[in-house]
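Notes follow once the structure below has been shown.
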Amino acid sequence: MAWQQVMATSAHAQSVVPEVWLPTADAFTLGVASGEPRPDAVVIWTRLAPQPLTPDGGMPPRPVPVRWDIALDERFARIVRNGVATAHPDAGHSVHVDVNGLQPDRTYFYRFEAGGQRSPVGRTRTAPAPDTATGHLRVALASCQHYEMGYFTAHREIAAADVDLVLFVGDYIYGSQARAYQRVRRHPHVMPPVAERNLAHYRMHHAAYKLDADLRASHAAHPWLLTWDDHEVAADYAGLSSAELGDPELFLRVRTAAYRAYFEHMPLSPHRAPVGPSMPLHGHYQWGRLAEFWTVDTRQYRDGAVCAGVHAPFDGKLLWRCDAAKAPERTMLGQSQAYELEAELASSERDWKFIVQTTQVAPGVVRTPLGPLIYADGWDAYPAARQRLLEAIAQPRVPNVVCLGGDVHRHVAAALRLDPNDPASPVIASEIVTTSISSQGLSELLTSWMKRSNPDLLHVRSDERGYVLLDVTPQQITCEFRATAHPVRADSRLRTQARYAIDRGVPGPRKL
């Protein structure tokens, strides 16, 4: 399509292509980012936007050449790859360069140049070669950053941390406004109602988030792997439908705009560029012989909600009152993605297998005198789909699986059983869920009630914000739940809320 990048690269380019466009302000206001690290390649990203809070970013309606360099040192004395990409107006003048020909397990520095200006310098790294016996990997797991509800102090810590990779598992932006009593800071851009949103609105909203210095620093410091949840489009949307918008045709137009803006602002490979309302986001990555990651899309292909309200009740015998939710064909992942995940899990020979998805797989039922309550926007409302996933994990050829998630605004360490409703069923995997960067969580009263209702939730805290630091070795994963009080202030400091370990060959976390 016309708005997809057409990149011309040259490994030996020595000068910037002459250009008539000369910006009158900083063209790199949104910073730089990298992602999708592989042994011989990484994606680098920027977007030209001298006026980021305007629909066109303050750019002319014509393509602009952008020089890029990638080097072994921060001073760019040893440039190893460079070239020229084209920033197209139909792509919001964003640039996604899939840089190939790199060495495995190396740190690189990159920058862009356009209109006589240079971008900030970003740091990235490649994955180890597939047959390398890698001894160590450090990962930051993050999710859910409502701009108005708090500062992105966690990203400041992530940017300074010694990590190899950042996993962001959804709700990168929020289109909804926080209530007045929840508002810690004012958002530079206010989204209209879902029915009125278009590409310009989503572009300006993403740009407003990227203007946060801590978020830009986190992107510039490390490569990211991403998946999305609902708020990148509209709250609680499911596949082709939205609870906020009853007109399916109109919602698809909104989803098309949201997907396009998401791609324009993330360090994603050009081959992920959306076509209309569809975008191939899910991916598969290896980190030597140590780890394998599957970034899973739980939104684009899921069946629509069938239970009214955010929480759906069912009776005390754990039978759904909303019978439609029990339909065996209901899916969270879509048939194609689910089959692909199952096949790749069965063939993996890595020490650890990480399923990077958006929410909590372990049951979060709250048992009340009137019957249990479930979260109708998560795996609890898709029991047949969850059971299929657990059965795929339980196969003898699929040991050492860890599900990683976000969405629910609480730190969670959980054991996953083959049958989530049977306490005698074997534990087959571990789960780690990160709390939110800034979004408010449930009350501790409700959270403690949930924990009492679900003994496989070994650690649950909803009152604090933060991220999870994962330290991975061939024999063990150490999970450090980093946290600070809600709401997050600009000068907030994080502490270690709890530490858990997952031992190789022993599914289920244990407290340290």
Test of understanding: with salt bridge (charged side-chain N to carboxylate O under 4.0 Å, His left out), list the residues that count as partners of R203, not counting sequence neighbours. E264
Quick check on E329: does its CD atom have over 12 non-hydrogen neighbours (other residues, nucleotides or ligands) under 6.0 Å away? yes
Mind running side chain to side chain donor-acceptor pair (under 3.5 Å) on E244 and Y237 for me, showing each step along the way? CA-CA 8 Å; E244 298 184 61; Y237 91 92; over 6 Å; no
Contacts of R289 meeting salt bridge (charged side-chain N to carboxylate O under 4.0 Å, His left out) (sequence neighbours excluded), chain-then-number -> none
If you take the centroid of each ring, where Trp contributes its six-membered ring, are Y202 and H206 closer together than 6.0 Å? no
Taking the basic N atoms (NZ, or NE/NH1/NH2) and the acidic carboxylate oxygens, is any pair closer than 4.0 Å for D212 and R185? yes
Determine whether R465 and T153 make a side-chain contact, defined as any pair of heavy atoms from C-beta on separated by less than 4.5 Å. no
For ring pair (Phe, Tyr, Trp, His ring centres under 6.0 Å), just list the numbers for F293 and Y285, CA-CA rounded to whole Å, side-chain angles, deciding distance to a tenth of an Å, and then say yes or no. CA-CA 5 Å; F293 298 91; Y285 307 88; 7.9 Å; no
Worked check of ring pair (Phe, Tyr, Trp, His ring centres under 6.0 Å) between W224 and F168: CA-CA 7 Å; W224 284 39; F168 197 90; 5.7 Å; yes
Could you list the residues that satisfy ring pair (Phe, Tyr, Trp, His ring centres under 6.0 Å) with H146, not counting sequence neighbours? Y174
So the side chain to side chain donor-acceptor pair (under 3.5 Å) pairs with at least one residue in residues 37-51 (sequence neighbours excluded) are R47-H265
Using the test salt bridge (charged side-chain N to carboxylate O under 4.0 Å, His left out), find all partners of E148 that sit at least two apart in sequence or belong to another chain. R183
Y262 and W228: aromatic ring centres closer than 6.0 Å? yes
Is it true that Q360 and E431 share a donor-acceptor pair across their side chains at a distance under 3.5 Å? no
Can you list the residues that meet the salt bridge (charged side-chain N to carboxylate O under 4.0 Å, His left out) rule with R156, with sequence neighbours excluded? D214
Can a side-chain donor-acceptor contact be found between H284 and E340 if the only test is distance below 3.5 angstrom? no
Without hydrogens or angle criteria, can the side chains of D303 and T331 be said to hold a donor-acceptor pair below 3.5 Å? no
Applying salt bridge (charged side-chain N to carboxylate O under 4.0 Å, His left out), run through D377 and R302 and close with a yes or a no. CA-CA 11 Å; D377 195 47; R302 74 160 66 180; 3.4 Å; yes
